[in-house]
Amino acid sequence: EVGTLDFLAKNGCRAMAIDLPGYGGSKDVKAKPEEFLHVLLPYLDLKKPVLVFPSMSGGFAFPFATAHPELLRASVRLAPVGNDDYAKHPKGLDLRSLILWGELDQQIPIAKADTLKDLLPKSSKLVIAGAGHACYQDQPQQFHAALLKFLKTLDAEKPAAK
């Protein structure tokens, strides 16, 4: 709705959005949250994607990122649900992450962003001024600029030697 996919495409990124089971236009399916994305990614031909997960998608993304951090390049966390559960699982802490929160978020306290920042040593946190819980909708230009800047830092990194 705010043009994120078009913005990313115009800036040289391959981007796609999916409706999670039971959300958007998707039917509910019986899928374990930690395995849904694990099964889906090969069908989408996504190898080491950057997983962007706002709000309710945290219920699927946190378990996946915790169970399979080696399959991700990085993550962008936008006030996702599941912060408290994730804090109990130390696996996946080396994943590069951008933590974005709306300054005026009334649904998930900004203290949860600090908790995530403490858990993820390779993370950076940005609070978007004047934005509520859906910071990407409230301040799309600031969100897009922060997202692109983060993605460019990943491009600038040298791939790890195998």
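From a predicted model like this one, the values you see are computed outputs, not experimental measurements. Both backbone and side-chain heavy atoms feed into the values below; hydrogens, waters and symmetry mates do not.
A131 is linked by a side chain to side chain contact (heavy atoms under 4.5 Å, CB included) to I128, C135, D138, Q139, counting only residues two or more places apart in sequence or in another chain. With sequence neighbours left out, the salt bridge (charged side-chain N to carboxylate O under 4.0 Å, His left out) criterion links D6 to no other residue. The side-chain hydrogen bond (donor to acceptor under 3.5 Å, both in side chains) test applied to T153 returns R96, not counting sequence neighbours. Judged as a side chain to side chain contact (heavy atoms under 4.5 Å, CB included), and not counting sequence neighbours, the contacts of L44 are M16, I18, L40, L46. A search for salt bridge (charged side-chain N to carboxylate O under 4.0 Å, His left out) contacts involving D114 returns K125, not counting sequence neighbours. Scored by the salt bridge (charged side-chain N to carboxylate O under 4.0 Å, His left out) test, K47 finds D45 as partners (sequence neighbours excluded).
Counting heavy atoms from C-beta outward, L98 and V76 have side chains that approach closer than 4.5 Å. Residues K122 and L95 form no side-chain contact, since every pair of their non-hydrogen atoms from C-beta on lies 4.5 Å or further apart.
Of all non-hydrogen atoms in S97 and R77, the two that sit nearest each other are OG-NE, 3.4 Å. When every heavy atom of G102 is checked against every heavy atom of V127, the shortest pair comes out as C-CG1, 4.3 Å.
Residues F150 and L5 do not share a hydrophobic cluster, clusters being chains of Ile/Leu/Val/Met/Phe/Trp/Tyr side chains in contact below 4.5 Å. V2 and L78 sit in two unconnected hydrophobic clusters of ILVMFWY residues. Membership requires side-chain heavy atoms under 4.5 Å apart, directly or through other members. In the hydrophobic cluster analysis, where Ile, Leu, Val, Met, Phe, Trp and Tyr join through side-chain heavy atoms closer than 4.5 angstrom, I108 is grouped apart from L104.
Under the 3.5 Å distance criterion, the side-chain polar atoms of T115 are left unmatched by any main-chain donor or acceptor of A113. At least one donor-acceptor pair under 3.5 Å links the side chain of N11 to the backbone N or O of F7.
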Can I get a per-line list of side-chain donor-acceptor pairs under 3.5 Å for residues 48-65, giving both atom names and the distance, sequence neighbours left out?
from: K48; atom 1: NZ; to: E70; atom 2: O; distance (Å): 2.8
from: S55; atom 1: OG; to: H133; atom 2: NE2; distance (Å): 2.8
from: S57; atom 1: OG; to: P54; atom 2: O; distance (Å): 2.6

Distance-only donor-acceptor pairs under 3.5 Å for side chains of residues 141-149, two or more places apart:
from: H144; atom 1: ND1; to: P140; atom 2: O; distance (Å): 3.2
from: H144; atom 1: NE2; to: T4; atom 2: OG1; distance (Å): 2.7

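The residues K112 and D84 are annotated as salt-bridged, a charged nitrogen and a carboxylate oxygen being separated by less than 4.0 angstrom.
Rounding to the nearest 0.5 Å places CG of D118 at 8.5 Å from OG of S123. The distance from atom CG of D94 to atom CG of L120, rounded to the nearest 0.5 Å, is 9.5 Å.
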